[in-house]
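Computed from a prediction, not measured in an experiment: that's the story for all the values here.
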Amino acid sequence: MFEEAIRTYLQAHRFGSLDLKAVLLDMDGVLFDSMKNHAAAWHEAMKRYNLQMSPEEAYLHEGRTGADTINIISARQRKKEATDEEIENIYETKSEIFNSLPQAERMPGAYELLQKIKGEGLTPVIVTGSGQKSLLERLNKNFPDIFRPELMVTAFDVKYGKPNPEPYLMGLQKAGVKANEAIVVENAPLGVKAGVAAGIFTVAVNTGPLPDEVLTQEGANLLFHSMMEFNNSWERFYHAVKQKP
C-alpha cells in the first residue's frame with residue numbers, strides 16, 4: 001500500500017526517490033482537535049450578520065483566509081462581496097466566539113508521531129493559515145522541544161493562503177529542502193490541494209466529518225482516519241520511504 005503510493009507519486013513528478021528530510025504539518029485538525037470550535041464559531045458569527053454557513057461547510061473552507069471565506073459566503077447569498085468593514089467585523093466576532101470556547105485538546109497521536117519524526121532526525125515544520133499571536137507558546141506547551149520559531153509558516157508569512165501552494169513552498173524554503181525531500185500532513189481539502197500543487201507527497205488525515213473522497217479527490221497520496229492511525233502506521237510508512245525504487 002505505502003510502496004505503491006510512493007511509486008505513483010514519484011512517477012507522476014518524475015522524481016528518482018523520496019528522500020525524506022522534513023515533515024510539513026498543518027495545525028488545526030492535525031495537531032489540535034480545534035476544527036469543531038472553528039466550525040461552531042464561523043456558524044454563529046455568520047448568523048449574527050444574517051449570513052448562513054453550516055458548521056459542516058466550515059471544514060470545506062478550512063485553510064482559506066478569513067476574508068476569502070466571508071466573501072465566498074457573501075457573494076453566494078447577497079450577490080456581492082463584503083466590504084472591508086464587514087470583513088473586519090465578522091472576523092473579529094468569529095475570533096471572539098472561538099476564544100470563548102474551551103481550548104482544544106492536543107489531537108490524540110500527534111505528539112507520539114512528532115516524537116518519532118524527531119527521533120528519525122527529520123525536521124518538523126508548521127504550515128498554518130492561523131495568525132494567533134500565542135501560537136509558539138501554545139505549541140511549546142503541548143509539544144515541548146518539537147518546534148522552532150524559524151520553522152513556522154503562518155498567515156503573516158504569505159501573500160496567498162491555501163489552496164495556493166505558496167505556504168507549502170515557503171515551508172520547503174524554510175526547511176531548506178526540495179519537494180521530494182518532504183511530506184505534507186493535512187486534514188483539509190484546501191490544504192491537501194496546496195500540498196499537491198507544491199509537488200509534495202501529501203498525507204491526508206481525515207479528522208473531521210467530511211467523506212474521504214473530498215480529500216482523495218484533491219490528490220492526497222495517502223489517507224488515514226486519525227493521527228493515531230498514522231502514528232501506528234509510521235514505522236511501516238517510513239520503512240517504505242527508505243526503500244529506494
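Between A179 and G199 the shortest heavy-atom distance is CB-O, 3.5 Å. Shortest non-hydrogen contact noted between V192 and A220 is CG1-N, 3.6 Å.
For H225, the side-chain contact (heavy atoms from CB on, under 4.5 Å) test picks out D212, L223, E229, with sequence neighbours left out. Under the rule for a side-chain contact (heavy atoms from CB on, under 4.5 Å), the partners of P144 that lie at least two apart in sequence or sit in another chain are Y111. For Y9, the ring pair (Phe, Tyr, Trp, His ring centres under 6.0 Å) partners at least two apart in sequence or on another chain are H13, F15, F201.
Ring geometry for F237 against F2 counts as perpendicular: the plane angle is over 60°, on a 0 to 90° scale with 30° as the lower cut.
Considering only heavy atoms from C-beta on, L31 stays 4.5 Å or farther from T128 through its side chain. Taking the side chain as every heavy atom from C-beta outward, V158 and N164 never approach each other to under 4.5 Å.
K242 NZ: more than 12 foreign heavy atoms inside a 6.0 Å radius. More than 12 heavy-atom neighbours from other residues, nucleotides or ligands sit within 6.0 angstrom of CD on E3. Other residues, nucleotides and ligands contribute at most 12 non-hydrogen atoms within 6.0 Å of the CD atom of E105. Enclosure of atom NZ in K174 by more than 12 non-hydrogen atoms of other residues, nucleotides or ligands within 6.0 angstrom is indicated.
With R106 contributing its side chain and N142 its backbone, the two residues share a donor-acceptor pair below 3.5 Å. A donor-acceptor contact shorter than 3.5 Å is absent between the side chain of N180 and the backbone of L10. E166 contributes a side-chain N or O that, together with a main-chain N or O of K159, makes up a donor-acceptor pair within less than 3.5 Å. With hydrogens and angles disregarded, no donor-acceptor distance shorter than 3.5 Å links the side chain of D19 to the backbone of E181. Distance alone, capped at 3.5 Å, places no donor-acceptor pair between the K162 side chain and the G129 backbone. Put simply, the side chain of N37 never gets that close to the backbone of Q103: no donor and acceptor are under 3.5 Å apart. Within the 3.5 Å criterion, the main-chain N or O of T154 finds a donor-acceptor partner in the side chain of D157. S100 contributes a side-chain N or O that, together with a main-chain N or O of I97, makes up a donor-acceptor pair within less than 3.5 Å. Using modelled atom types, no side-chain atom of D33 and backbone atom of A104 make a donor-acceptor pair closer than 3.5 Å.
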Would you list the atom pairs, donor with acceptor, under 3.5 Å between side chains in residues 117-126 and any protein atom, with sequence neighbours excluded?
none

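When hydrophobic residues (I, L, V, M, F, W, Y) are linked wherever their side-chain heavy atoms come within less than 4.5 Å, the members clustered with L210 are M35, Y59, L60, V214. The hydrophobic cluster containing Y49 also includes W42, M46, L51, M53, I70, I73, I87, I90, Y91, under a criterion of side-chain heavy atoms closer than 4.5 Å among ILVMFWY residues, counted directly or through chains of members.
Between K47 and E44 there is a salt bridge, since a side-chain N of the basic residue sits under 4.0 Å from a carboxylate O of the acidic one. A salt bridge is absent between E86 and K80: the closest approach of a Lys/Arg side-chain nitrogen to an acidic carboxylate oxygen does not fall below 4.0 angstrom.
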For this session: Test N50 against Q77 for side chain to side chain donor-acceptor pair (under 3.5 Å), laying out the working first.
Result: CA-CA 10 Å; N50 298 313; Q77 294 173 23; over 6 Å; no
For this session: Verify salt bridge (charged side-chain N to carboxylate O under 4.0 Å, His left out) between R76 and E57, making sure each step is shown before the conclusion.
Result: CA-CA 13 Å; R76 185 176 72 203; E57 185 181 354; 2.8 Å; yes
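Atom CG in D28 sits 9.0 Å away from atom CE in M107 (nearest 0.5 Å). For the atom pair E186 CD and T207 OG1, the distance stands at 10.0 Å (nearest 0.5 Å).
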